[in-house]
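Please read through the structure below; I'll follow up with questions.
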Amino acid sequence: MLVLGIESSCDETAVSLVEEQPGSAPRVLSSVISTQIPLHRLYGGVIPELASRNHSTNLPGVLKEALRQAERSIHDVDVFASTAGPGLVAALLVGNTAAKALALTARKPFIAINHMEGHLLSPFIDRPGGLVPHLALVVSGGHTLLIDVQGVGKYHLLGRSRDDAAGEAFDKVAKMLDLPYPGGPEIDKRAALGHAERFHFPRPMIHEAHLDFSFSGLKTAVLYTLPTLVQSGNPHDLPEQDMNDLCAGVRQAIIDVLISKTMKAAKKTGHKVIAVSGGVSCNKALREQMAEACRRRRIELVLPPAHFTTDNAAMIAFAGFLRAQIGDFSPLDTPVDPNLKLGGTKIRS
Ligand code: KG4
Ligand code: ZN
């Protein structure tokens, strides 16, 4: 079985081909991404109309390149999968409509994939034993979720952010410090040069028994700290080291909460496998500290390779592959949904 996946929910136009390998995990034959980040950076965030227009322009070339790299023809594809939400509606429509048109023309099945399910399953793309029941922490720009995963489509939401998602917190603090969009990688880069212990930012809800998160207080804490460092309160007047120390303090506050809640969830559920995914799981310090926390508790940690953490189509094709294996195809009139739910649970954060 050969699955073609298309992702266009935000600012990446991506196409990937994933092929079944007898007796082992499916292989990602190609994963091509055309990013619009430099374009949206000019505006400090994603402009929906620009995103959808550029998906339309970029998709044909990305599709052609993905097929070329995979050394397959469009006629070899058995299943067409695409992101149906959550995301920007006009952006979603581009990839989704293309996948449906290809499926209709080729008389092959179509599968609508939840973007968060793509992230959720992505750590297992390369895992030799495939998907196993586990505890998932999904940390992206729009969501922070703790999920008990029992199998494909069997998801139980344990906790989520009550306000800003972890990635959103990185992005908003970066914006406040006038650092380029997206903020996560920028704060990460500066944090590596800073001292995390200099500023102790709040770690909301860390000691509470429930598994929800709250990250919106971080930007307020940074806002109040700025004038204590420079009279003007202008981040451009901050000495380089102060800026790096602020970034390190913010990164550590987010990491501490993520790890603490994840370990609490592992204890509660008894899971011995934890998977972390989404754009924030690209963060090296989070990866290292989560690995250490898991090692101490004899828990297996499954992480996607860095190139499958931020938005990509391999995770969509892989989720499509797993859904196709259980015959879970979608009718061609399945709509896109900017607030698509995962497994019957509303997952807005
Ligand atoms: O999963 P993703 O690519 O898109 C969504 O589905 O939202 O995640 C994007 C988020 C952004 O908030 C970005 O700032 C964050 O992931 N991010 C990072 C890093 N790389 C990307 N956050 C922290 N450290 C990073 N290295
Ligand atoms: Zn994403």
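Bear in mind that the values here come from a model prediction, so they are computed numbers and not experimental data. Just so you know, ligand 1 is whichever comes first in the structure, and atom 1 is the first atom listed for that ligand. Residue indices begin at 1 and follow the sequence shown.
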- Task: Compare D188, D311, D171, N312 and give the one whose heavy atom is closest to atom 3 (O) of ligand 1.
- Result: D311
- Query: Heavy-atom contacts under 4.0 Å between H115 and ligand 1: side chain, backbone, both, or neither?
  - Reply: side chain
- Message: Using a plain distance cutoff, I'd like to know if G279 has any nitrogen or oxygen under 3.5 Å from a nitrogen or oxygen of ligand 1.
- Response: yes
- Query: Does a side-chain N-to-carboxylate-O contact under 4.0 Å join R127 and E300?
  - Reply: yes
- Note on the structure: One finds that the ligand 1 atoms under 4.0 Å from a non-hydrogen atom of G184 are 14 (O), 18 (C), 19 (C), 22 (N), 23 (C), 24 (N), 25 (C)
- Looking only at distances, please establish whether an N/O atom of ligand 1 is found under 3.5 Å from an N/O atom of G141. yes
- Give every protein N, O or S atom lying under 2.8 Å from the Zn ion (ligand 2), naming each by residue and atom. H115 NE2, H119 NE2, D311 OD1
- Query: Mind checking whether C282 has an N or O less than 3.5 Å away from an N or O of ligand 1?
  - Reply: no
- What pairs with D242 under side chain to side chain contact (heavy atoms under 4.5 Å, CB included), at least two apart in sequence or on another chain? R198, L229, L238, P239
- Would the number of heavy atoms belonging to other residues, nucleotides or ligands and lying under 6.0 Å from CZ of R27 be above 12? no
- Message: Tell me whether the rings of H115 and H119 are parallel (<30°), tilted (30 to 60°) or perpendicular (>60°).
- Response: perpendicular
- To which protein heavy atom is atom 24 (N) of ligand 1 closest, and what is the distance rounded to 0.1 Å? N283 ND2, 3.0 Å
- Message: Please classify the K284 to ligand 1 contact at 4.0 Å (heavy-atom distances, strictly less than): side chain, backbone, both or neither.
- Response: neither
